[in-house]
Structures are given as C-alpha cells and as structure tokens.
Amino acid sequence: MGVRIRQADGRDRDRIVAILEEAFHHDPVSSWVFPEETHRKAVHGRFLGVFADVALAEGRVDLLEDGTAAALWLPVPAGEPEGEDTTPALMRETADPDNERAELVGRLTGAVHPHDRAHEYLLMIGVLPGRQGEGIGEALIAGVLERCDREGVPAYLEASSERSRGLYERLGFAFTGRTVELPGGPSMWPMWREPRGV
C-alpha cells in the first residue's frame, strides 16, 4: 500500500493526540477506564497525551502524512527497569485523579511486560475510524518491523480488541499465553514477535 509516512516531532503532538482520541474513543479498554461517554470525551485526550509525550521524548512516533494515523514506539532495553515506573500514576494524575482505573491499566500491563530481551514496544497505534480496514495500520508499522527483522530485534505490544489481535497475528505477533484481565472489564492480549530472517 502506497502511504506516505514521516517521523513526528513535538509540533505534531496535538495531531497525534487527536488521532488517538478518535481512534480509541470506542475501544474496549478506553471504555472500561472511562465508562461514562461524556466524561471520556472530556478527559480522554489528556490521558492519551501522556502516551504521546512519552513516545515523542523516549521513542518515535510515525505519522501518516495526511494526518489519519499514528504509531507510537518505545525501545525497551533488556533487564528489569530501575525503580518504579511512574507513567501509570502520571496517566491518572494528568487525566482523571479520582479514577483509579486510569492508573490500574498501566500497572497491570506493566506487570506482564517482558524484560529479558531488548525489544521494540508498539505502545499504541491509532487509525481514524473512517480509514480503518484499509490496511493503513499494517503499512504504518511495516517499516519498524522490517528494521526489527534486519537487526534481529523482537517486538511487543498489547492488543486491546479481538480485531486488533487478528491484525497483529497476521504480522507475525503471537499471544504470550497470559491475558491482562481488567477487573470487571475486557481482556488485553500481550503479543510478542520474533524477528523474521531476511
């Protein structure tokens, strides 16, 4: 698929957040974190902005040039992280301080995140609803996966829906065997991709 992709920078932050906000508005996990839709509309962008800020500062964000899709990546080194991950608390503090789910989702996914090997972490990918199903998501992450294959680096993500899980399986990701169960809410599927020989 012929899509034009560029690496985003801080000037693109608002566009990235807008893409994620629209793409994930009805996502099962976002709907669990913020069950009331009017409230979700009010705070969702602040919540997702934390992900955008982390990726812009510590990783990379690939952006479709027409502004309809974005993929957020973080390089994760091998070995247990030093100290506590403050991002889940920041998610709650920034978006919705009285909502423990805004922090819990990050704590639960962090608890199962593998650290035995360095890998690329697809933190989040969003495609505007009107463009979903066109192969844009696959095209958007193909470049990083090709680099992973060339360099012998695995990749990791958490699928937040059955639909996205199917896409990632087609790209070579495999379910790790242990779901993340959100209390009274949906499951998430941690998925790992070994680099393919080139």
Side-chain angles (χ1 to χ4, degrees), residues 1-34 37 40-41 44-45 47-56 59-75 105 109 119-151 153-176 179-180 185-196 198:
M1 178 177 194
V3 296
R4 296 175 63 88
I5 298 164
R6 65 178 176 83
Q7 191 166 344
D9 61 31
R11 294 168 294 184
D12 300 301
R13 183 192 186 274
D14 291 346
R15 182 69 225 149
I16 295 162
V17 172
I19 293 167
L20 297 176
E21 194 172 6
E22 194 170 340
F24 286 91
H25 183 73
H26 296 290
D27 179 79
V29 174
S30 289
S31 297
W32 175 81
V33 174
F34 308 108
E37 187 165 7
R40 189 182 326 136
K41 283 183 178 178
H44 202 207
F47 180 76
L48 295 167
V50 174
F51 295 99
D53 291 340
V54 168
L56 286 166
R60 67 180 285 144
V61 178
D62 289 329
L63 183 65
L64 223 63
E65 280 198 345
D66 66 2
T68 59
L72 286 63
W73 292 92
L74 288 176
V105 65
T109 54
H119 58 276
E120 289 290 333
Y121 176 30
L122 181 58
L123 181 62
M124 187 168 277
I125 180 170
V127 179
L128 292 184
R131 300 294 307 275
Q132 291 175 6
E134 297 179 20
I136 289 172
E138 184 173 344
L140 188 58
I141 63 177
V144 172
L145 295 182
E146 287 167 8
R147 180 171 54 78
C148 286
D149 291 342
R150 279 194 314 273
E151 297 176 2
V153 176
Y156 176 78
L157 56 81
E158 300 103 5
S160 62
S161 69
E162 288 279 6
R163 179 181 178 189
S164 63
R165 178 182 172 180
L167 163 67
Y168 300 133
E169 286 174 342
R170 289 194 300 277
L171 294 173
F173 286 88
F175 173 47
T176 61
T179 57
V180 174
S187 300
M188 298 177 75
W189 293 270
M191 303 184 78
W192 183 265
R193 182 186 184 274
E194 288 292 338
R196 294 173 171 171
V198 288

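Quick caveat, the model's predicted, so the values are computed rather than measured.
- Here the closest heavy-atom approach between residue A55 and residue L74 is recorded as CA-CD2, 4.0 Å.
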Next on the checklist: Quick one, F34 with K41, criterion side chain to side chain contact (heavy atoms under 4.5 Å, CB included). Give me CA distance, side-chain angles, the key distance, then yes/no.
Outcome noted: CA-CA 9 Å; F34 308 108; K41 283 183 178 178; over 6 Å; no

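- Of the inter-residue distances, the one linking I136 atom CD1 with L64 atom CG reads 5.5 Å to the nearest 0.5 angstrom.
- Side chains of L145 and L171 form a contact here, defined as non-hydrogen atoms less than 4.5 Å apart.
- Among the candidates T109, V29, V180, the single residue satisfying the side chain to side chain contact (heavy atoms under 4.5 Å, CB included) test with S160 is V29.
- Contact detail for R196 and D149: the closest heavy-atom pair is N-OD1, 2.7 Å.
- Separation of atoms CG (L167) and CD1 (I125) is listed at 7.0 Å; rounding is to 0.5 Å.
- Within the 3.5 Å criterion, the main-chain N or O of A155 finds no donor-acceptor partner in the side chain of E120.
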Checklist entry - Should I141 and W73 be marked as a side chain to side chain contact (heavy atoms under 4.5 Å, CB included) after you check the CA-CA gap, both sets of side-chain angles, and the distance that decides it? => result CA-CA 9 Å; I141 63 177; W73 292 92; 3.7 Å; yes

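- The aromatic rings of H44 and F47 sit parallel, their planes meeting at an angle under 30°, below the 60° perpendicular limit.
- In this structure, the side chains of L72 and L122 stay at 4.5 Å or more apart for every pair of heavy atoms.
- Across I16 and A70, no two heavy atoms sit closer than the pair CG2-CB, 4.4 Å.
- The side-chain tip of R193 does not point at the ring of Y168 from less than 6.0 angstrom away and within 45° of straight on.
- Not one N or O on the side chain of D53 forms a donor-acceptor pair closer than 3.5 Å with the backbone of V50.
- Nearest heavy-atom pair, H119 versus Y156, reported as atom, atom and distance to 0.1 Å: CD2-CB, 3.6 Å.
- In terms of heavy atoms, M191 sits closest to A159 at SD-CB, 3.9 Å.
- Between the side chain of R60 and the main chain of Q7, no donor-acceptor pair closer than 3.5 Å is present.
- Across all their heavy atoms, W32 and G185 have their closest contact at CD1-CA, 3.4 Å.
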Checklist entry - How far apart are the C-alpha atoms of I19 and L63, what are their side-chain angles, what is the distance that settles it, and do they pass the side chain to side chain contact (heavy atoms under 4.5 Å, CB included) test? => result CA-CA 10 Å; I19 293 167; L63 183 65; 3.6 Å; yes

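- Counting heavy atoms from C-beta on, the side chains of V105 and M188 come closer than 4.5 Å.
- Between the CG atom of L128 and the CD atom of E21 there is a distance of 11.0 Å, given to the nearest 0.5 Å.
- A donor-acceptor pair is defined here as one N or O able to donate and one able to accept, closer than 3.5 Å; no such pair exists between the side chain of D62 and the backbone of A71.
- You'll find the side chain of P190 reaches within 4.5 Å of the side chain of F175, heavy atoms only.
- With rounding to the nearest 0.5 Å, the separation of OG1 in T68 from CD in Q132 is 10.5 Å.
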Item to check | Verdict with supporting geometry, E22 and H25, side chain to side chain contact (heavy atoms under 4.5 Å, CB included) | outcome: CA-CA 5 Å; E22 194 170 340; H25 183 73; 5.9 Å; no

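- With a 4.5 Å cut-off on side-chain heavy atoms, R131 and D66 count as touching.
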